[in-house]
Every structure is written in structure tokens, then in C-alpha cells.
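To start, the structure under review is shown below, and the notes come after it.
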Number of protein chains: 2
Amino acid sequence: MVDEMSPIPFYVQLADLLAKQIEEGKLKPRQPLPSEATLQQEYGVARGTVRSAVRLLRDRGLVVTFTGRGTFVAEKRP
Amino acid sequence: MVDEMSPIPFYVQLADLLAKQIEEGKLKPRQPLPSEATLQQEYGVARGTVRSAVRLLRDRGLVVTFTGRGTFVAEKRP
DNA sequence: GCGGATTTGTACGTATGTATG
DNA sequence: GCATACATACGTACAAATCCG
């Protein structure tokens with residue numbers, strides 16, 4: 001769950017949690033992230049918050065998203 | 001863009017800009033306005049500012065808004 | 001090919017918190 | 001105190017793309 005008391009926005013906290021899982025290899029390249037609906041339930045936040053978090057990861061190049069398919073861990077860059 | 005130096009609030013400036021486009025026929029009856037997100041980017045203001053501007057136009061009867069669909073130029077009144 | 005389910009995309013409604021003048 | 005402006009966060013609704021039986 002995200003920390004209600006932290007001054008850090010939920011969507012930033014969530015992005016950091018997901019980024020950590022990617023960096024630790026718990027989520028591997030080409031592997032799908034949980035769907036927005038799943039993340040929403042798992043972390044107890046609204047869908048918009050999930051989308052903000054994933055947008056951050058996308059901006060950092062950590063994930064790629066396809067409409068109707070999902071969001072996947074990006075390939076490592078050479 | 002809105003004028004930073006003007007004493008007129010951003011949202012009033014923006015409402016006037018949009019009203020002018022409607023009156024000049026650049027935006028025609030039943031035609032959708034740009035989304036709040038688009039106006040936000042185009043005019044370099046926050047969403048709340050866009051919403052304040054659109055609320056003014058709605059109060060003047062120039063536009064009608066539908067949740068999840070958008071804001072449209074109102075039909076001419078007989 | 002079709003219909004339904006899933007997933008992401010877009011759009012608006014509302015509330016709250018912070019900061020500034 | 002009040003109005004303006006921005007950011008965050010919740011919700012609803014519907015569209016678009018994809019997947020599967």
C-alpha cells in the first residue's frame with residue numbers, strides 16, 4: 001500500500017514501488033505489469049492515480065504500453 | 001496564450017478567447033471545444049483554470065457540457 | 001466473423017491542499 | 001479574508017483496441 005502520511009504523492013510512491021520491482025528483477029523485460037484495475041485494488045488507489053504512476057515509468061523508459069494489451073517492462077537498452 | 005501581465009484573470013481571458021472563436025464562427029454550433037487537457041496545454045494554464053473559463057461560457061449559455069463526452073458549442077437560441 | 005470480456009485511452013465531475021497577492 | 005492558480009486524488013462514463021470462445 002501507499003503511505004497516507006507521506007508528503008510524497010501516491011502516484012510517485014507507486015511509481016517508485018514498481019520501478020524497484022523492475023530493478024530488482026521481480027518484473028522482467030517483456031513481462032506484463034498487473035493491469036490498471038489490479039494495481040488499483042492491490043494498492044488501494046484510484047485508477048487515475050495508477051495511470052499517473054505508469055505514465056512516470058513510461059516517461060522514464062522503464063515500461064511500454066499498448067492499448068488493449070497492457071503495459072510491459074521495457075527491453076534493456078544497449 | 002494568456003497574458004501574464006494583464007490584470008484580467010487567466011480564466012476570464014481564456015473564456016473571452018473562446019467566446020470570440022464561437023462568435024466568429026471558428027467554432028460552430030454542435031461542434032466540440034478542445035478538451036480541457038488540450039486547452040490546458042495550448043494556453044499553458046492549469047486544468048482548474050480551464051474549467052473556470054468553460055464554466056463562464058456555460059453560464060453565458062454559449063456551450064453545453066456532457067460528462068465523459070465533452071463541451072460543445074450551443075445551438076443558436078431562436 | 002461475432003459477441004463478450006479485458007485493458008488502455010479519453011473526458012468530465014468533485015473535493016481537498018498549497019501557495020500567492 | 002478572499003480570489004486566483006496549480007497539483008493531487010477520488011469518482012463516473014464512454015470509446016478504442018485487443019483477445020478469446
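Convention: sequence-line order gives letters A, B, ...; per-chain numbering from 1. Computed over heavy atoms, backbone and side chain alike; hydrogens, waters and symmetry mates excluded. Please read all numbers here as calculations on a predicted model, not as lab measurements.
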Check your understanding: In terms of the nearest nucleotide of DNA chain D, which residue is placed more toward the 5' end: B:Val12 or A:Gly44?
Key -> B:Val12
Check your understanding: In whole Å, what is the span from the CG atom of B:Leu56 to the C1' atom of D:dT4?
Key -> 13 Å
**Study point:** Interatomic distance, B:Thr71 atom OG1 to B:Arg55 atom CZ [nearest 0.5 angstrom]
**Key:** 13.0 Å
Point to revise | Interatomic distance, A:Arg51 CZ vs D:dA15 C1' [rounded to whole Å] | key: 12 Å
Check your understanding: Do the side-chain N or O atoms of A:Ser52 get closer than 4.0 angstrom to the phosphate oxygens (OP1, OP2) of D:dT8?
Key -> no
Practice item. Using a heavy-atom cut-off of under 4.0 Å over every strand shown, decide if A:Gly48 touches base, sugar-phosphate, or nothing. Key: nothing
Point to revise | Stepwise side-chain contact (heavy atoms from CB on, under 4.5 Å) test for A:Leu17 and A:Tyr43 | key: CA-CA 10 Å; A:Leu17 286 173; A:Tyr43 293 95; 3.7 Å; yes
Study note, to complete from the structure: In whole angstroms, the gap separating C1' of D:dA9 from OH of A:Tyr43 amounts to 18 Å
Check your understanding: Just one of B:Leu57, B:Leu27, B:Val73, B:Val54 clears the side chain to side chain contact (heavy atoms under 4.5 Å, CB included) bar with B:Leu62, so which one?
Key -> B:Leu57
Check your understanding: A:Gln40 and A:Val45: which non-hydrogen atoms are nearest, and at how many Å?
Key -> CG-O, 2.9 Å
Point to revise | Candidates D:dC6, D:dG11, D:dA9 - which lies nearest the side chain of A:Tyr11 | key: D:dA9
Point to revise | Contact check, side chains of A:Leu39 and A:Leu18, non-hydrogen atoms, under 4.5 Å | key: yes
Exercise for review: Could you check A:Arg69 against B:Arg47 and say which one's nearest nucleotide on DNA chain D is further toward the 5' end?
Suggested key: B:Arg47
Review point. For DNA chain C, which residues in residues 29-39 of chain A have a heavy atom at a distance below 4.0 Å?
Key: A:Ser35, A:Glu36
Review point. So what does B:Thr71 hit on the nucleic acid, given a heavy-atom distance under 4.0 Å: a base, only sugar-phosphate, or nothing?
Key: sugar-phosphate
Study note, to complete from the structure: Rounded to the nearest 0.5 angstrom, the CD-CG distance for B:Gln21 and B:Leu33 is 8.0 Å
Practice item. Find the distance B:Leu14:CG to D:dT4:C1' and express it as a whole number of Å. Key: 14 Å
Check your understanding: First and last nucleotide of DNA chain C touching chain A, 5' to 3', heavy-atom cut-off 4.0 Å?
Key -> C:dT7 to C:dT10
Review point. Base, sugar-phosphate, or nothing: which does A:Val54 touch, judged by heavy atoms less than 4.0 Å apart?
Key: nothing
Point to revise | A:Ile8: hydrophobic cluster co-members (side-chain, 4.5 Å) | key: A:Tyr11, A:Val12, A:Leu56
Exercise for review: Any chance you could measure B:Gln41, atom CD, to B:Ser35, atom OG, to the nearest 0.5 Å?
Suggested key: 8.0 Å
Point to revise | Candidate list B:Arg30, B:Gln31, B:Lys26, test side chain to side chain contact (heavy atoms under 4.5 Å, CB included), partner B:Lys28, passing option | key: B:Gln31
Point to revise | Listed nucleotide nearest any side-chain atom of A:Phe10, set D:dT18, D:dC10, D:dA7 | key: D:dC10
